[in-house]
Each structure stands twice: as structure tokens, then as C-alpha cells.
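Following: one structure in C-alpha cells, then a few remarks.
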There are 2 protein chains.
Amino acid sequence: MHIASGNARAVLSFLYTGLMNAPRTARERARAELTREILAAARRQLGEAGAAGLSLRSVARELGMASSAVYRYFASRDELLTSLLVEAYSEIGEAAIEADRPEAAPEARWLAVWRAVRAWSLANRHEYALMYGTPVPGYAAPHITAEVAGRMPLTLARIVADAGRAAVLRPLTGPECDPAAIDPAMLVLLEGEAFTPEATARLILAWNRLVGVIGYELHGHLKNVTADDAAFFDYAARSEGANLGLPFTWPTVPDGG
Amino acid sequence: MHIASGNARAVLSFLYTGLMNAPRTARERARAELTREILAAARRQLGEAGAAGLSLRSVARELGMASSAVYRYFASRDELLTSLLVEAYSEIGEAAIEADRPEAAPEARWLAVWRAVRAWSLANRHEYALMYGTPVPGYAAPHITAEVAGRMPLTLARIVADAGRAAVLRPLTGPECDPAAIDPAMLVLLEGEAFTPEATARLILAWNRLVGVIGYELHGHLKNVTADDAAFFDYAARSEGANLGLPFTWPTVPDGG
DNA sequence: CTCAACAGAGAGCGCCGCTCGCTAAAGTGA
DNA sequence: TCACTTTAGCGAGCGGCGCTCTCTGTTGAG
């Protein structure tokens with residue numbers, strides 16, 4: 001689990017004092033273990049029933065302890081849920097990073113990462129919903145998870161940047177984004193990768209597409225709309241890649257409308 | 001309220017027997033009125049606290065009646081929520097339709113509809129979440145709402161189709177979608193508008209983009225990412241319109257990466 | 001006028017998140 | 001070693017939830 005970053009530790013104090021520092025005393029070891037067990041049970045129940053069906057009481061029941069005892073480890077149900085959220089961001093980011101083969105062609109890398117993110121999401125739909133669905137009411141997540149939440153889109157950025165350095169990017173076509181629409185902080189974040197504002201805008205759209213198409217598939221919006229979700233997803237991936245200048249190839253298509 | 005369609009009436013029996021048939025007896029009139037009042041109170045509470053914070057008991061309390069009495073009107077909380085969902089789909093569809101000026105240029109129509117949908121969504125974020133966020137666990141919505149849920153994307157389709165009939169569409173460029181990926185039912189639905197599978201695929205993506213960018217904005221995923229959400233949204237609209245062949249104009253952009 | 005359909009109330013079931021006060025054990029410093 | 005603090009866990013309990021059931025009074029139809 002790659003959690004952490006200073007902010008996260010500050011807010012999720014219960015979790016991290018238990019998990020991060022190498023446990024020395026027996027009490028600390030027991031605490032770390034139980035914390036992990038609670039998280040594991042919660043994760044299981046999240047996978048089965050979704051966030052709405054996850055209750056602290058049932059987690060406690062599964063672990064054979066009083067529900068009130070769980071509050072020694074997580075200050076609230078929301079904090080438990082936030083921990084699972086961080087875990088989910090971490091996992092989907094890792095799935096993206098692991099799927100990326102920097103030695104391969106940029107189109108292949110791009111498609112592989114997209115597919116890996118989709119595969120993880122289909123296998124972890126409730127975790128996906130936690131990240132990209134309706135936010136849980138009392139959640140403190142946004143700023144906590146910024147670093148870990150950025151790993152997946154940053155993996156996409158790296159592929160485009162590598163292609164740029166290899167000078168295989170096509171010139172960008174189509175409407176242009178007002179550079180002022182992009183947050184300077186975002187440009188700073190991508191500084192090492194030398195992204196123009198226009199490329200940044202398109203990267204944001206690509207990330208949004210990746211998340212959006214998966215969401216549509218998971219939430220049933222593609223029912224009676226698409227017949228082959230995987231093929232449609234690949235199409236979306238290629239379309240977004242090409243929009244960023246990745247050298248995807250395609251035959252000429254006739255007029256639409 | 002444009003609810004209805006056969007399916008909806010069958011499933012949401014409580015609601016529609018109360019609302020649809022012109023009330024004759026005093027009892028029927030009272031029932032219709034109370035049904036509306038319950039829906040209105042629920043809508044208010046949804047707008048304030050979101051779906052998670054909406055309880056049948058608090059609705060009953062607001063209306064000064066026993067919570068058990070509400071069950072005479074809605075069989076369950078889920079059914080009440082589903083009614084609100086149908087209402088939301090109807091409203092966002094109407095917002096799209098009303099914003100569309102068929103006599104205007106297709107690019108202007110396209111942008112106007114996108115902006116209207118965004119405006120409605122920003123003003124009704126919890127209703128938006130009901131439609132496009134994480135689905136509520138026990139909801140029966142999908143097939144019920146098919147007709148009414150289709151109005152918004154169909155408005156987008158009509159603009160493109162009109163542009164096609166007026167022969168102002170540009171040839172489509174970029175990667176091509178495997179026609180087999182699109183559900184034939186979707187093509188039938190757009191039959192009157194003479195959509196090719198390729199145009200249909202791009203329309204689905206445009207609809208997905210519209211929903212996705214708004215979702216990102218509402219759920220905070222654009223924080224520290226974009227600086228001017230409205231401008232970025234317009235950019236997404238133009239980008240998707242151009243991808244469908246709508247004659248948006250843009251200057252040539254330099255290389256990205 | 002009779003009788004069935006119906007609306008509403010209230011009690012109650014088993015959940016839920018969360019709090020509080022208590023006990024017993026574990027760790028700590030003199 | 002022993003007093004003292006910190007901690008883990010428990011059980012009772014609060015108010016709220018969705019939902020069911022039974023009972024009563026009213027409305028509308030034949």
C-alpha cells in the first residue's frame with residue numbers, strides 16, 4: 001500500500017500512526033495488525049455491497065469485536081471510507097504504472113494503460129465508484145488524495161511526453177483551448193514533461209474520457225447503446241490518443257451525419 | 001412534468017395512478033395533491049442534503065404526517081428516489097430542448113445546448129448525481145427511464161443531423177470505430193436522423209464528454225487542474241462538435257507534447 | 001344504507017452511526 | 001518493583017433510519 005504524503009498522515013491520524021511507524025511494542029504491533037484487519041474486512045464488504053452497504057457495525061461483527069471498539073481505530077465511518085478511497089486511488093495508479101512498458105511504442109503503451117485501468121475498474125466497481133462516482137457526503141478526501149490520485153493521469157502524461165521527446169507526435173488539430181482555462185499549478189505539475197497548455201487541456205480531456213467511458217459502462221448508460229463495450233472503449237482510447245498527437249493510424253472515413 | 005411512457009407507469013404505480021388520470025373524486029384529488037407535495041418536499045430535501053440525506057421520515061415530518069402514511073404513496077424510499085430521478089432526466093432534457101434554437105447555426109446550437117445542460121447541472125447538482133453519479137443500490141431505474149433519459153443526447157443528435165441535411169458537416173477525421181461496437185438498437189433509434197455507425201459512436205462520446213466534464217467539475221476533480229471551468233467546458237464542447245464534423249473554426253495550433 | 005376500499009396513526013422490529021463510562025491490561029518512570 | 005498513566009475493548013444507550021402491522025375513522029360505490 002502506497003498511502004501517505006504528509007497531508008494524509010495528518011488527517012488520517014488513526015490509521016497512519018498505527019500502520020506507518022515500524023511497530024515496536026506488542027501493543028503497537030497488535031494495533032497495526034488489527035487496523036489492517038479492519039481495513040481488509042471493510043474492503044471485502046465494500047466490494048460486495050458497495051459504499052452504501054458498508055457499516056462499521058458489520059465490520060466489527062465480522063471481526064468479532066464490539067462496534068464501539070472499532071472507533072479506537074477509525075474516528076468515523078467516513079474516515080474508514082476515506083482510507084479505502086486512498087487505497088483505491090493507489091491501486092488504480094499502480095495498475096496503470098504496471099501496465100506501462102516504456103520500451104514499447106507510444107500507441108501500444110497508451111492502449112495498454114487504458115485497458116489496465118478499465119480492467120481494474122471492472123474488477124473493483126465499488127472502489128471505482130468511491131473515486132469517480134458521487135462523493136460520499138462527509139468525506140475529507142480531495143486534498144488528501146491529490147498526490148496518489150494523480151498517478152494514473154500522470155502515467156498517461158508520461159507516455160505522451162515520451163512520444164514528444166522521441167519526436168513521433170503529430171501536430172495537434174481541431175479547436176484550441178484558451179490557455180487561461182488551465183490552472184498554472186497543473187502546468188507546473190507537468191513541467192518536467194514539457195507540456196504546452198494545449199496538450200495539457202487535451203490530456204485532461206483524455207483522462208476525463210477514460211474515467212467517463214468506464215463510468216458509463218459500469219453504471220449501465222451504455223446498455224442498448226453499445227454492443228461491444230471493449231471495442232468501444234478501445235475506440236475511445238485511440239480517439240483520445242490521436243487527439244493528443246499519438247501516431248495512431250486509421251483509414252479515411254466517409255462523411256458522417 | 002413529462003414523465004410517463006408505459007413502462008414507467010407500470011412500475012411506479014403509486015405515483016402515476018395518483019397523478020396521471022384526471023382526479024374525479026375528492027379522495028383522488030387529495031391523493032394527487034399529497035403525492036405532489038411529497039415529491040416537492042423530497043425534491044427540496046434532495047437539493048439540500050443529497051440522495052444520501054433524503055429520508056422518508058424527514059419528508060413525512062416536514063409534511064406533518066406519520067412516516068408510515070407516506071408508504072401509501074410510495075412503496076419504498078427507492079421508489080421515491082426513482083421518481084425524483086425521472087423528474088431529473090425530464091428536466092435536464094427539457095433544458096436541452098429549450099436551449100436549442102433550430103434556426104441558428106449548428107455550432108451555436110451545439111454550444112447553447114451544452115451550456116444549458118451545464119447550467120442546469122450546476123444548479124441541481126444532487127439531481128445530476130442521481131442520474132450520472134453512483135447508482136443508488138436498489139434502484140429499478142435503467143429501463144424505466146430509457147425514453148426520458150434519451151432526450152438530452154437526442155437533442156445533440158438532432159443538431160448534428162440538421163447540419164448533415166444542410167450539408168455543412170465536415171468529413172470525419174481521426175480513428176474509426178468498429179461498427180459492430182455500436183448496438184443496432186441505437187442505430188434504429190437514430191434512424192430518422194440517418195446516422196452512420198461512425199457518427200453514432202462519436203455522438204455517444206460527445207454525450208459522454210458532456211456528462212463527464214460536468215461531473216468532473218461538480219465532484220472537484222478539476223480543482224487545481226483547470227482555472228476557468230466555463231472556458232474549459234466550452235473548449236470540450238467545441239472539441240466534441242468538431243469531432244462530429246460540425247463546422248467550428250480554429251486557428252492552426254503548433255506541436256504539443 | 002351497507003359494505004368494501006382506503007388513508008392515516010402508532011407501535012414496533014432490526015438495523016445504523018456514534019457516545020459514554022467502566023474494566024482490565026499494557027507500558028513507563030522512579 | 002511498584003505506583004501511575006495510557007490504552008483497548010466492552011456494553012448500554014441515544015436518536016435516526018426503512019419498513020411492517022394492526023387498528024380506526026372516513027370516503028365512495030352499489
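Each chain gets a letter, A, B and so on, in the order the sequences are listed, and its residues count up from 1.
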Gap between atoms [atom1] and [atom2], on [X] and [N] respectively (whole Å):
X	N	atom1	atom2	answer
A:Arg72	C:dC18	CZ	P	15 Å
B:Arg61	C:dG10	CZ	P	15 Å
A:Met65	C:dA24	CE	C1'	16 Å
A:Asp78	C:dG17	CG	C1'	10 Å
B:Leu63	C:dA7	CG	P	15 Å
A:Leu81	C:dC16	CG	P	15 Å
A:Glu62	C:dC15	CD	P	16 Å
A:Tyr73	C:dC18	OH	C1'	18 Å

State whether the side chain of [X] and the backbone N or O of [Y] hold a donor-acceptor pair below 3.5 Å, judged by distance alone.
X	Y	answer
B:Trp110	B:Ala237	yes
B:Thr35	B:Arg31	yes
A:Thr155	A:Arg151	yes
B:Thr25	B:Glu28	yes
A:Arg115	A:Ala99	no
B:Thr226	A:Ala181	no

Next item on the list: For nucleotides 25-30 of chain C, just jot down a letter per nucleotide in 5' to 3' order: B, S or -, based on protein non-hydrogen atoms under 4.0 Å.
Entry: BBS---
Next item on the list: Could you check whether A:Ser76 gets within reach of a base, just the sugar-phosphate, or nothing at all, counting any heavy atom under 4.0 Å?
Entry: sugar-phosphate
Notebook entry, point to check: How would you label the contact of A:Arg77 with the nucleic acid (heavy atoms, under 4.0 Å): base, sugar-phosphate, or nothing?
Noted result: sugar-phosphate
Margin query: Go nucleotide by nucleotide along DNA chain D from the 5' end; which of A:Leu34 and B:Leu56 gets its closest nucleotide reached first?
Written below: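 The 5'-side residue here is A:Leu34.
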Check: Which atom names give the shortest non-hydrogen contact between B:Gly50 and B:His126, and what distance separates them?
Finding: CA-CD2, 3.3 Å
Checklist line | Phosphate-side-chain proximity, B:Arg31 and C:dA7, N/O vs OP1/OP2 below 4.0 Å | finding: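 Yes.
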Notebook entry, point to check: At under 4.0 Å, does any side-chain N or O of B:Tyr71 touch on OP1 or OP2 of C:dG8?
Noted result: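 Answer is no, no contact under 4.0 Å.
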Notebook entry, point to check: Do B:Ser68 side-chain and C:dG10 base share a donor-acceptor contact under 3.5 Å?
Noted result: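 Answer yes: a donor N or O sits under 3.5 Å from an acceptor.
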Note to self: Using 30° and 60° as the class boundaries, would you call the ring planes of A:Trp207 and A:Tyr132 parallel, tilted or perpendicular?
What the structure shows: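 Rings of A:Trp207 and A:Tyr132: perpendicular, over 60°.
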Item checked: Flag side-chain contact, heavy atom, 4.5 Å: B:Tyr128 against B:Leu122 ->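 Contact flag for B:Tyr128/B:Leu122 side chains = no.
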Item checked: Boundaries of the chain A footprint along DNA chain D (any atom under 4.0 Å from a heavy atom) ->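 Footprint of chain A along DNA chain D, 5' to 3': D:dT6 to D:dG13.
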